[in-house]
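Here is the structure we will look at, set down as structure tokens.
All residue numbers in this chain count up from 1 along the given sequence.
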Amino acid sequence: HGVAIKRSQVRILRLLDAQKDKTLSLYQGPQGLATLRMLMMQQEHLGRDASSGVVSGGGGGSRKKGKKGDSVSEEPAPEVEDGVRNVHSRLDSKVLYYLYTLRMFTASCAGNNHVTESMCARMFPLQRATELITATWCTPGVKVAVLEFVLEGHLMVEHRAEG
């Protein structure tokens, strides 16, 4: 099973990398970072708390009056896991895609697959991770995903190489 999983990981990463202008545009150089910043800043203007990535306001979804004055829920309240890892809080779909691909990179680096580790480190270099972790506009949910990737994709790789 382990060999098949490693091959699948390599195949998926190669497909993403081959079409990176379409699939990984937010990972591409200064323009990708600028676009990611713009998307996250737009969330702030749409009533989201930029420091947490969570929809601001009360805990419930929006409500409207029904036929006889009953309160009817128009949309569900956002899921809240722990405030920081809350990725289902109506993030922009491109930011959510960025977050999930970063988590996929992290999972691909787990274990001992040197090919996927080097591919992921090339697609998401340590310099980019540092820029995001120190950016005031970057949400904690994205920062946590970045830190998880740094741990698995850069630090654990070095640790496994030394051991």
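- In this structure, CG on Leu26 lies 14.5 Å from CZ on Arg37, to the nearest 0.5 angstrom.
- Proximity of a side-chain donor or acceptor of Thr116 to a complementary backbone N or O of Val10 within less than 3.5 Å is not detected.
- Inter-residue side-chain proximity for Leu132 and Leu33 is flagged as met; some heavy-atom pair is nearer than 4.5 Å.
- Residue Lys94 places its NZ atom among 12 or fewer non-hydrogen atoms of other residues, nucleotides or ligands, all under 6.0 Å distant.
- Side-chain contact between Tyr98 and Thr35 is absent, with no heavy-atom pair separated by less than 4.5 Å.
- A heavy-atom distance below 4.5 Å is not found between the side chains of Leu102 and Glu148.
- The shortest distance between side-chain heavy atoms of Cys120 and Leu13 falls below 4.5 Å.
- Separating the CZ atom in Phe149 from the CZ atom in Arg128 is a distance of 12.0 Å, to the nearest 0.5 Å.
- A donor-acceptor contact shorter than 3.5 Å is absent between the side chain of Lys20 and the backbone of Met123.
- Although no hydrogens or angles enter the test, the distance criterion places no donor-acceptor pair under 3.5 Å between the side chain of Ser25 and the main chain of Lys22.
- There is a side-chain donor-acceptor pair under 3.5 Å between Tyr27 and Thr101.
- We find the NZ-NE2 distance between Lys6 and His114 to be 7.5 Å, quoted to the nearest 0.5 Å.
- Side-chain contact between Tyr97 and Asp92: absent, with no pair of heavy atoms (C-beta onward) separated by less than 4.5 Å.
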